[in-house]
Amino acid sequence: MDWKSLGRLVRFMVRQDLVEVEVEEEGKRLRVRRRDGRPAPEGGAGPGPAAAAASPVPSAAAAPAEPGIAEFRSPMVGTFYRAANPEAEPFVQPGSKVEPETVICIIEAMKVMNEVRAETAGEILEVLAENGQPVEFGQPLFRIRTG
Amino acid sequence: MDWKSLGRLVRFMVRQDLVEVEVEEEGKRLRVRRRDGRPAPEGGAGPGPAAAAASPVPSAAAAPAEPGIAEFRSPMVGTFYRAANPEAEPFVQPGSKVEPETVICIIEAMKVMNEVRAETAGEILEVLAENGQPVEFGQPLFRIRTG
Amino acid sequence: MFRRLLIANRGEIALRILRACRELGIETVVVYSEADRDAAYLRLAGETICVGPAPGRRSYLDVPSIISAAEIADVEAIHPGYGFLAENAHFAEVCRSCNIRFVGPSPEAIAAVGDKVRAKEIARAVGAPVIPGSPGKIASEEEALATAREIGYPVILKAAAGGGGRGMRIAHNDFSLVNGFHAARAEAEAAFRDSSLYLEKYVERPRHVEIQILADEKGTILHLGERDCTLQRRHQKLVEEAPSPAVDPELRARMGAAAIAIAKAAKYTNAGTVEFLLDPSGDFYFMEVNARIQVEHPVTEAVTGLDLVQSQIRIAAGEPLGFRQGDVQIRGHAIEARVNAEDPLENFAPSPGRIRHFIPPGGPGVRLDTHAHAGAEIPPHYDSLVAKLLVHRADRRSAISTMRRALEEFVIEGIKTTLPLHQRLFAHPDFLRGEVDTGFVERMLGSRGS
Amino acid sequence: MFRRLLIANRGEIALRILRACRELGIETVVVYSEADRDAAYLRLAGETICVGPAPGRRSYLDVPSIISAAEIADVEAIHPGYGFLAENAHFAEVCRSCNIRFVGPSPEAIAAVGDKVRAKEIARAVGAPVIPGSPGKIASEEEALATAREIGYPVILKAAAGGGGRGMRIAHNDFSLVNGFHAARAEAEAAFRDSSLYLEKYVERPRHVEIQILADEKGTILHLGERDCTLQRRHQKLVEEAPSPAVDPELRARMGAAAIAIAKAAKYTNAGTVEFLLDPSGDFYFMEVNARIQVEHPVTEAVTGLDLVQSQIRIAAGEPLGFRQGDVQIRGHAIEARVNAEDPLENFAPSPGRIRHFIPPGGPGVRLDTHAHAGAEIPPHYDSLVAKLLVHRADRRSAISTMRRALEEFVIEGIKTTLPLHQRLFAHPDFLRGEVDTGFVERMLGSRGS
């Protein structure tokens with residue numbers, strides 16, 4: 001880009017009311033910006049399809065921001081059991097107080113019964129998965145009031 | 001990016017009310033930003049107003065939308081002639097006063113010389129196309145102060 | 001070969017021709033209307049020229065603008081695509097007078113096949129089967145009966161001035177013909193103030209089968225087999241496939257020979273299509289010649305491995321075809337689905353607008369021809385074709401499987417499209433068995449609503 | 001055939017397997033990591049199961065999570081794709097013990113070909129050419145000379161403990177060998193504190209040519225011709241084509257026979273690839289076996305008309321191949337370009353991020369395999385493959401023309417990609433002539449900067 005073309009570019013910008021032009025090619029770079037105080041606000045429609053795809057998967061919705069209430073999510077893929085065996089009492093119920101070491105459920109993966117611990121102290125508010133049902137990684141299993 | 005594509009881009013931006021466009025392809029990069037307060041296209045996040053300091057070119061004076069100034073655009077595809085024949089004076093010059101019926105140029109299409117009239121009264125400010133050059137439909141040919 | 005060619009069209013076919021030119025090493029000039037100013041495919045052109053405002057008659061159909069663009073851009077040839085100026089003998093004539101090659105047949109050939117009466121005369125003259133009927137208007141009940149007995153029932157009476165089904169009667173025997181004759185006359189008189197009728201053989205449950213031909217300017221004319229375009233709605237093709245489930249090699253050879261004979265008699269050159277009706281008993285009847293590249297040409301490209309648009313340009317540049325009929329082989333099975341910007345739930349009303357989200361199908365056996373993309377605007381001024389989804393697989397069953405999964409993959413949001421209609425069609429047992437006729441889609445839509 | 005299959009992979013290959021399953025009528029279960037939660041292809045799965053957080057070792061590589069997902073989803077088979085668990089004999093073994101079919105070879109065959117020393121022994125045993133060399137370490141100058149004279153110059157000395165070019169010397173005659181021997185020993189000693197060397201034939205300017213094989217569980221083993229994968233950067237393939245410009249039918253038959261013999265000896269089943277180095281004189285040497293579907297399998301699908309992923313699943317389900325070597329025909333020419341999210345101007349640094357604008361190429365001769373689309377996020381955790389652009393045309397020259405125009409059409413904005421590199425490669429006169437070797441890309445990049 002020589003000075004003549006640059007002059008032409010600037011006249012063009014004046015005519016078109018452009019604020020800034022930036023060109024970069026083959027190692028060369030040119031930016032022309034005219035005086036303008038106003039910032040360009042974000043958002044709005046353009047030619048680009050910037051809109052993200054709507055999530056195709058029912059993602060585990062983030063817990064609404066209730067202070068002191070946490071969702072306990074499954075640390076692994078497997079089958080969720082609330083009790084050590086079909087005859088036993090559930091490890092926890094809504095209202096149960098738990099300590100970090102309290103076993104709150106079992107997840108069976110590859111024939112192994114994995115004891116899952118609360119990892120926090122608090123109170124079970126709600127059981128979100130059903131006994132004997134498959135759960136995926138990150139699936140909410142319990143709501144716990146912590147602290 | 002050639003001159004013509006830039007013109008096309010700018011017309012597009014004007015029509016779409018875009019403030020800024022950034023193009024990058026095959027190692028080339030182009031960003032065009034218009035003076036406008038309206039929203040920029042999402043994802044077009046380039047350097048903000050802070051980048052102004054880096055402007056390599058002294059800012060030209062801002063040209064606010066001038067009321068009463070119009071662009072006269074080509075009504076057809078063809079070759080643009082400023083005069084009736086190579087020896088004749090141009091129909092109009094910057095400063096010429098025109099009436100709606102004043103012939104301001106000729107556009108040759110399919111061997112036919114089409115006289116083009118101003119269609120408005122006013123004063124020619126600038127000739128935007130070059131004599132003997134092809135013009136497309138809608139291409140700006142003159143700037144006219146109307147009224 | 002041409003150095004520089006102008007593409008006088010828009011949308012997917014403009015892009016298709018651009019692709020052919022780029023592969024042939026030809027510089028391109030693409031014209032556009034103001035409505036298409038932002039079309040992404042224009043970026044691929046060597047040069048672009050705005051030829052007018054949005055309405056087609058003032059841009060893509062405007063002969064002086066197109067020719068003027070060709071002159072200022074200094075091109076050697078113009079490819080008209082389909083629609084717009086593609087079958088316009090006058091335009092081809094103007095190109096010739098301006099010393100620009102028109103990529104298509106000569107003006108004379110376009111005129112000859114473009115006149116339906118002349119085209120039928122040509123077909124009859126070369127011995128190609130045409131639908132038998134009265135030579136002129138039917139003056140009386142007796143004449144109707146005599147003609148019907150000669151050509152055989154069923155027959156159809158049509159108002160000479162008519163259209164839209166009024167003044168039309170189908171008759172399967174003398175009795176219904178006599179009744180129909182008087183009813184149709186009365187209806188024609190009421191509708192068109194002209195009671196004259198003509199009569200022709202009624203082809204029941206026909207398929208629409210067309211033969212693709214290629215003819216160079218050295219006298220070689222070949223056919224590339226058939227396309228079955230039976231799935232139509234209001235005479236608009238929706239799905240095309242090759243080979244036709246109703247055509248065997250022997251029938252293909254006979255239809256191909258008929259198509260070639262007609263083309264030869266019309267001194268036809270370049271690519272063209274000869275359309276036939278095929279009845280359930282395997283008899284076929286000449287309908288018309290389409291003197292252009294067809295929307296559905298990719299179906300033939302898939303099964304023959306030939307590039308028809310490149311062939312058109314080569315032929316227009318004077319090159320010989322370079323292969324013979326025996327070299328043309330039909331391999332595998334191809335099906336094309338036309339995806340239109342129309343709302344199948346609103347009686348196929350056009351649905352222009354901005355495409356917000358677009359995920360095209362891909363993978364094995366899939367070809368997509370489209371000018372659409374995420375963020376593209378489908379303007380309301382032109383036809384509603386958004387994309388042509390083509391599958392090519394070893395056999396018809398596999399092709400249908402691929403089509404079904406490709407249709408499910410295809411995401412277009414922001415405008416309504418015919419994708420849901422295609423999903424219904426490609427799951428329909430009659431289509432899967434290949435047992436359809438030209439009335440199939442409308443019956444299907446009628447029976448369950450659209 | 002399986003009723004239900006789990007896809008233990010992500011990205012384009014997960015989508016490729018999904019397509020195969022949908023066409024075969026198999027229900028799909030697709031696992032995903034938290035980083036891929038919003039991947040559009042998951043929408044096409046019958047069921048999806050999150051198996052872990054973003055890092056591959058805790059999700060796609062985590063055997064207990066994958067197996068557990070397979071169990072809770074009650075699938076009959078697992079397709080591992082490529083990478084991740086694809087060539088993991090232990091995983092194949094666990095699948096077997098859980099009564100789940102692993103779509104791939106047996107654990108024993110994976111183990112046999114996965115051990116490079118064992119694989120070479122197998123190749124040598126069946127008489128396939130392997131790069132000749134010293135059986136063990138070279139103890140002395142005299143031993144080096146004797147071995148070199150036996151196998152013929154040029155030879156290469158390599159540090160037994162080595163890598164990265166250190167302790168490596170190429171010798172073209174006795175004199176340079178003696179000098180090189182001492183220099184390489186000293187270098188090896190300095191670099192690895194181990195001066196031991198071995199010596200093998202140096203293959204100059206080799207091409208990378210691999211044979212695709214398919215073996216069913218009834219004992220039929222066929223080869224599907226070669227793929228030429230010579231264009232590589234740092235041992236990463238960039239471009240693959242078939243047929244190879246350096247392979248004629250006779251050589252193809254010999255390489256194919258060698259590949260089949262090796263596979264047979266390893267009791268190999270399912271799809272696999274036998275890699276060879278091919279020197280400029282037409283001699284080839286066995287390198288290794290890839291016991292999986294390859295990234296570049298579409299090249300072979302294009303020229304043979306076969307669906308390799310469907311074949312894999314059919315074979316795993318116990319179906320016979322159903323065709324013979326003589327039925328395999330190579331038609332036309334196919335080339336694949338791998339489009340990676342890497343910045344060619346920044347030494348191919350990964351360039352993850354959100355794709356803002358995406359216009360894929362299409363039209364005749366183009367196949368695109370991609371999980372990308374406008375709005376898609378390319379996560380930083382996995383390999384950088386964004387799209388595989390495949391062209392298939394009648395001959396190599398046309399295929400290159402189509403590739404060039406397709407590359408120019410392809411718009412990806414928001415991330416950097418290797419598209420500009422491919423534009424350079426496909427315009428390079430050496431590539432156009434087919435005269436390249438495995439060092440070509442790095443020399444090209446070196447000569448003009450990256």
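Every chain is numbered from 1, with letters handed out A, B, ... down the list of sequences. All of these numbers come straight from a predicted model, not from anything done at the bench.
- For C/Leu368, the part lying near chain D is the backbone, with the side chain staying farther off; criterion is any non-hydrogen pair under 4.5 Å.
- Chain D forms more heavy-atom pairs under 4.5 Å with one residue of C/His392, C/Arg331, C/Arg404 than with any other, namely C/Arg331.
- With sequence neighbours left out, the side chain to side chain contact (heavy atoms under 4.5 Å, CB included) criterion links C/Ala35 to C/Ser33, C/Ala54, C/Pro379, C/His381, C/Tyr382.
- Side-chain contact between D/Pro364 and C/Pro298: absent, with no pair of heavy atoms (C-beta onward) separated by less than 4.5 Å.
- Listed by first then second residue, pairs satisfying side-chain hydrogen bond (donor to acceptor under 3.5 Å, both in side chains) with a partner in residues 12-26 of chain C read C/Glu12-C/Tyr82, C/Glu12-C/Lys388, C/Arg16-C/His297, C/Arg16-C/Glu301, C/Arg16-C/Asp307, C/Arg19-D/Glu409, C/Arg22-D/Glu408, C/Glu23-C/Gln310, C/Glu23-D/Arg393, C/Glu23-D/Thr402, C/Glu23-D/Arg405, not counting sequence neighbours.
- Shown here is D/Arg324, whose CZ atom has no more than 12 heavy atoms of other residues, nucleotides or ligands within 6.0 Å.
- Chosen from D/Gly365, D/Ala20, D/Gly363, D/Gly332, the residue pairing most often with chain C at heavy-atom distances under 4.5 Å is D/Gly363.
- With values rounded to the nearest 0.5 angstrom, C/Phe358 atom CZ is found 10.0 Å from D/Ile359 atom CD1.
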